[in-house]
Amino acid sequence: MRQVTKLLITVISGFYLACLLMPGLEEHLYLNRYLVFNNGEYWRLLTVALTHGGLAHLFFNMYALMVLGNSLESAIGPKKFLSIFVISQIGASLASIYFGAINVVSVGASGAIFGLFGALIVLSKKYGLETKSTYVIIGINFAIGFIFPGIDWHAHLGGLISGFIAASVLLAPARS
């Protein structure tokens, strides 16, 4: 497993365990529009990725991170990979709090993972690789956000767009 991918999975999974062992910890990490804007708790834009709504939620996000992360990190390097992940998470969180309901609490790293899908599209187009299957996977995962209640599709869309833009900038050919 690639270095940054392994680190992200370890840290996120570790925080899930810490939240189980220390009741109340998650309350300082999840994303809530009111707490970000009215209390200035901007760290929540990132720490939301450390929280998950159950073991299945954590498992599916970490599996997706492992599959996408290993491939992308190998292709673009650890620094650009981590940059895209962080930018995607911030973009996902901003979309969630700007377009979601004011009283909604969001949890999970799926916004950043959707950002990795955005980066995969950029990378595939850059090297002339097939993108149809990537679009199908994105479509299926995006549709799940409308089928099951409680999934923050705003964060998914914000992460996808942020990851696409970040990868477009970070993977652009250097100007001479």
Closest heavy-atom contact between [X] and [Y]?
X	Y	result
A119	I84	CB-CG2, 3.9 Å
V122	S168	CG2-OG, 3.5 Å
Q89	A112	OE1-CB, 3.4 Å
Y30	R44	O-NH1, 2.7 Å
L72	L116	CD1-O, 3.3 Å
T47	H28	OG1-O, 4.3 Å

How many angstroms lie between [atom1] in [X] and [atom2] in [Y], if you round to the nearest 0.5 Å?
X	Y	atom1	atom2	value
I121	T134	CD1	OG1	6.5 Å
L160	I165	CG	CD1	10.0 Å
K132	S124	NZ	OG	14.5 Å
F148	I144	CZ	CD1	6.5 Å
S110	I151	OG	CD1	8.0 Å
I147	F142	CD1	CZ	12.0 Å

Do [X] and [Y] sit in the same hydrophobic cluster, where Ile, Leu, Val, Met, Phe, Trp and Tyr count as joined when their side-chain heavy atoms come under 4.5 Å apart?
X	Y	value
L31	I90	yes
F117	Y127	yes
L82	W43	no
I137	W153	yes
V107	F15	no

Please check if atom [atom1] in [X] has more than 12 non-hydrogen atoms from other residues, nucleotides or ligands closer than 6.0 Å.
X	atom1	result
F146	CZ	yes
F60	CZ	no
K126	NZ	yes

Any donor-acceptor pair under 3.5 Å from [X] side chain to [Y] backbone:
X	Y	answer
S96	A92	no
Y34	N103	no
E73	V4	yes
S71	L68	no
R2	N70	no

Run the numbers on I9 and M1 for side chain to side chain contact (heavy atoms under 4.5 Å, CB included), then give the verdict. CA-CA 10 Å; I9 291 171; M1 192 178 310; 3.9 Å; yes

Hey, do the aromatic rings of Y98 and F37 have their centres closer than 6.0 Å? yes

Ring centers of F114, H156 separated by less than 6.0 Å: yes

I'd like to know whether V36 forms a side chain to side chain contact (heavy atoms under 4.5 Å, CB included) with Y42, so could you lay out the CA-CA distance, the side-chain angles of the two residues, the decisive distance to 0.1 Å, and finally the verdict. CA-CA 5 Å; V36 171; Y42 298 106; 3.7 Å; yes

Take S93 and L46, measure what side chain to side chain contact (heavy atoms under 4.5 Å, CB included) needs, and give me the verdict at the end. CA-CA 8 Å; S93 294; L46 287 172; over 6 Å; no

Stepwise, does the side chain to side chain contact (heavy atoms under 4.5 Å, CB included) test hold for N32 with E41? CA-CA 9 Å; N32 176 279; E41 297 179 7; over 6 Å; no

Give me the ring orientation class for H154 and F99: parallel if the planes are under 30° apart, tilted from 30 to 60°, perpendicular past 60°. parallel

